[in-house]
Structure formats: structure tokens, C-alpha cells
Amino acid sequence: MAEENILVAMGRRLYKQREKMKLTQEETAELLGISSTFYGEIERGKRRLSIEKILLVYEKMYLDPTYLLTGELITHRTLTEVFQECPRDKQPVLEQILTYLTKLCQ
């Protein structure tokens, strides 16, 4: 039962992304290299995606695998947030490390 709920939720997230991209089920299936019937079953939570297809969804539909699987968005912290979380006495060290990294990338 829990597996079915996971597949239904994943299908819903795929559907929302497909709609956002203004694609039909047929176009999306072609993009992923699967049949439109199979894709429709995935959206309805009746079938599952392989790991390879999950990665293809990421590449072709820009849908993060973590979000697709769990519904959780991963947020990236800004440097300001990192500094705020860093203990005050360690901030000069962190600033020096970032300075060195910046020089390495130039």
C-alpha cells in the first residue's frame, strides 16, 4: 500500500512538470524513450521508473530526482547563510578558505 502511494505521488509530480513544460503524454514518452501507454501508467502510479529513467527525467525534464522520489525540495544555501551558521570565531578562517578557492578558480 505504501509503495502504491509513493508511485501515485511520483506520477503526480511528473504530471505537474509535464504540464509546466506544455508537453503531451506522447511527447514526454518520446522524450524518455518509452511508450505513451507505459508513461500514462507511470503518471497514474501503476508503473515505476527505472533508475536510468529517473536520471533521464532529470536531464530532459529538469525534475530533481530527490523531489521526484520524495516531494522534498533541496534548497541551496547562500554564502551569507553559511557565514551566519558558522561560529563567529571560525568566520575569518572560512573567509580565508573562500578567498583561496576564488583564486584557484581564476
Side-chain angles (χ1 to χ4, degrees):
M1 185 68 164
E3 179 183 343
E4 185 177 312
N5 292 337
I6 291 170
L7 295 178
V8 169
M10 284 177 59
R12 199 174 314 118
R13 288 188 281 275
L14 273 171
Y15 167 78
K16 287 179 182 178
Q17 184 66 11
R18 177 176 64 79
E19 289 288 307
K20 192 184 299 184
M21 295 176 72
K22 297 183 180 356
L23 296 171
T24 65
Q25 282 189 345
E26 291 77 17
E27 291 168 331
T28 306
E30 187 176 324
L31 192 66
L32 300 177
I34 57 180
S35 74
S36 57
T37 302
F38 187 72
Y39 180 79
E41 290 176 342
I42 291 168
E43 273 194 10
R44 290 188 297 282
K46 303 295 180 196
R47 296 289 196 113
R48 70 181 76 218
L49 288 167
S50 66
I51 292 172
E52 293 83 6
K53 294 301 180 191
I54 290 171
L55 292 175
L56 199 56
V57 165
Y58 175 63
E59 291 173 7
K60 302 287 185 174
M61 297 180 71
Y62 317 106
L63 196 58
D64 181 74
T66 300
Y67 176 71
L68 176 62
L69 295 169
T70 67
E72 294 180 23
L73 292 172
I74 296 177
T75 57
H76 300 282
R77 296 182 300 167
T78 64
L79 283 177
T80 302
E81 292 169 327
V82 171
F83 262 88
Q84 289 172 348
E85 293 171 14
C86 183
R88 202 178 240 1
D89 64 316
K90 303 289 184 192
Q91 287 179 358
V93 175
L94 181 57
E95 188 173 352
Q96 190 64 45
I97 290 170
L98 291 171
T99 301
Y100 290 144
L101 285 173
T102 301
K103 288 179 182 178
L104 281 173
C105 293
Q106 293 175 346

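Owing to the predicted nature of the structure, the values given are computational and were not obtained by experimental measurement.
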Ignoring hydrogens, what is the shortest heavy-atom contact between [X] and [Y]? Give both atom names and the distance.
X	Y	result
Pro92	Arg88	CD-O, 3.6 Å
Tyr15	Tyr39	N-OH, 4.5 Å
Gln17	Met61	NE2-O, 2.7 Å

Spatial distance of atom [atom1] ([X]) from atom [atom2] ([Y]) [nearest 0.5 Å]:
X	Y	atom1	atom2	value
Leu31	Arg18	CG	CZ	12.0 Å
Leu32	Leu23	CG	CG	9.5 Å
Gln25	Ser36	CD	OG	7.5 Å
Ser35	Glu41	OG	CD	7.5 Å
Glu30	Thr24	CD	OG1	9.0 Å
Gln91	Leu98	CD	CG	11.0 Å

Heavy-atom check, side chain of [X] versus side chain of [Y], under 4.5 Å:
X	Y	answer
Met21	Glu27	no
Arg13	Lys16	no
Leu69	Met10	yes

The criterion is side-chain hydrogen bond (donor to acceptor under 3.5 Å, both in side chains); which residues satisfy it with Glu19, sequence neighbours excluded?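 side-chain hydrogen bond (donor to acceptor under 3.5 Å, both in side chains) check on Glu19 returns nothing, list empty.
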
Is the number of heavy atoms from other residues, nucleotides or ligands within 6.0 Å of CG (Leu101) greater than 12?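 Yes, the 6.0 Å shell around CG holds more than 12 heavy atoms from other groups.
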
Can you hop from Tyr100 to Val93 via hydrophobic side chains spaced under 4.5 Å?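 Different clusters: Tyr100 never reaches Val93 through Ile, Leu, Val, Met, Phe, Trp or Tyr contacts under 4.5 Å.
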
Same apolar cluster (I L V M F W Y, side chains within < 4.5 Å links), Leu56/Leu14: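 Yes, Leu56 connects to Leu14 through the hydrophobic network.
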
I need the full list of side-chain hydrogen bond (donor to acceptor under 3.5 Å, both in side chains) pairs touching residues 55-70, with sequence neighbours left out, sorted by first then second residue.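 Those involving residues 55-70 do not exist here.
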
